[in-house]
Amino acid sequence: QVQLVESGGGLVQAGGSLRLSCAVSGRTFSRYTMAWFRQAPGKEREFVAGIGWTDGRTEYKESVKGRFTISKDYAKNTVALQMNSLKPEDTAVYSCAASVAIGDLTNSRIYNYWGQGTQVTVSS
């Protein structure tokens, strides 16, 4: 059974930074494609960032490029999302997801496992 547990959310002023972390249980962490999605009130869930397990390639939502960085720590079985220069429009519940499939990182359908989510609120 794979479990994902997020941490690091909170309230921050615009321009500030937060670092989200997702702890992953399971013996084959190195073979999971990992991603962060977010969902704001009244909006659809959207892809934020992902990292593939075969080649470590990363992909980002256009609006977060240059501000957010996704990374995997194989020693700790965690995936992090460093978020800098935060904007009020980044306010959402952020969830990490894991997939054993190889495919489009931005497609939520490829992800087999999801965390509960952590709230990020950016004040103006």
Side-chain angles (χ1 to χ4, degrees):
Q1 184 71 13
V2 177
Q3 290 187 321
L4 310 179
V5 180
E6 302 97 336
S7 61
L11 173 64
V12 65
Q13 289 188 332
S17 298
L18 281 174
R19 184 177 179 86
L20 305 183
S21 182
C22 176
V24 184
S25 66
R27 294 175 292 178
T28 57
F29 173 71
S30 62
R31 301 188 65 179
Y32 292 147
T33 288
M34 301 296 301
W36 288 92
F37 287 78
R38 69 186 182 187
Q39 186 167 21
K43 295 188 177 181
E44 296 286 322
R45 182 170 59 191
E46 62 180 8
F47 170 82
V48 177
I51 183 167
W53 72 265
T54 56
D55 54 8
R57 65 186 172 94
T58 57
E59 290 195 36
Y60 295 92
K61 178 180 173 60
E62 190 64 34
S63 64
V64 309
K65 285 182 180 179
R67 299 190 297 123
F68 291 11
T69 303
I70 188 171
S71 59
K72 291 179 76 175
D73 186 328
Y74 293 92
K76 297 180 179 179
N77 273 22
T78 59
V79 59
L81 184 68
Q82 178 65 43
M83 304 186 296
N84 299 326
S85 302
L86 283 160
K87 304 176 181 180
E89 51 264 43
D90 294 319
T91 294
V93 174
Y94 285 69
S95 300
C96 68
S99 171
V100 298
I102 300 173
D104 179 4
L105 297 182
T106 69
N107 188 349
S108 63
R109 297 175 188 174
I110 75 165
Y111 294 92
N112 313 94
Y113 308 102
W114 292 83
Q116 294 287 345
T118 185
Q119 177 70 46
V120 171
T121 303
V122 184
S123 63
S124 57

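As a basis for the values below, the full set of heavy atoms in this structure was taken, side chains included, without hydrogen atoms, waters or symmetry mates.
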Mind listing the closest non-hydrogen atom pair of [X] and [Y] along with its distance?
{"X": "T78", "Y": "A23", "value": "CG2-CA, 4.0 Å"}
{"X": "A49", "Y": "L81", "value": "CB-CD1, 4.0 Å"}
{"X": "V79", "Y": "W36", "value": "O-CZ2, 3.7 Å"}
{"X": "M34", "Y": "A98", "value": "SD-CB, 3.5 Å"}
{"X": "G117", "Y": "S95", "value": "CA-OG, 3.5 Å"}
{"X": "S85", "Y": "S17", "value": "N-OG, 4.3 Å"}

Donor-acceptor pair, side chain of E6 and main chain of Q116, under 3.5 angstrom:
yes
I'd like to know if the side chain of T121 reaches the main chain of T91, judged simply by a donor and an acceptor atom lying under 3.5 Å from each other, with no hydrogens or angles considered.
no
Atom CZ of R31: over 12 foreign heavy atoms under 6.0 Å:
no
If you draw a 6.0 Å radius around CD in Q3, do more than 12 non-hydrogen atoms from other residues or ligands fall strictly inside?
no
Side-chain contact test, heavy atoms from C-beta onward, threshold under 4.5 Å: evaluate it for [X] versus [Y] and give yes or no.
{"X": "M83", "Y": "V120", "value": "yes"}
{"X": "T106", "Y": "E59", "value": "yes"}
{"X": "Q1", "Y": "S25", "value": "no"}
{"X": "V2", "Y": "Y32", "value": "yes"}
{"X": "W53", "Y": "K72", "value": "yes"}

Tell me, please, which residues at least two apart from K61 pass side chain to side chain contact (heavy atoms under 4.5 Å, CB included).
R38, E46, S63, V64
Within this structure, what is the OG-CD distance for the pair S124 and E89, rounded to the nearest 0.5 Å?
10.0 Å
Between F37 and F47, how do the two ring planes meet: parallel, tilted or perpendicular, split at 30° and 60°?
perpendicular
Transitive ILVMFWY side-chain link V93 to V12, under 4.5 Å
no
Which atom pairs, donor and acceptor, lie under 3.5 Å between side-chain atoms of residues 107-114 and protein residues at least two apart or in another chain?
from: N107; atom 1: OD1; to: R109; atom 2: N; distance (Å): 3.0
from: Y111; atom 1: OH; to: L105; atom 2: O; distance (Å): 2.6
from: N112; atom 1: OD1; to: V100; atom 2: N; distance (Å): 2.9

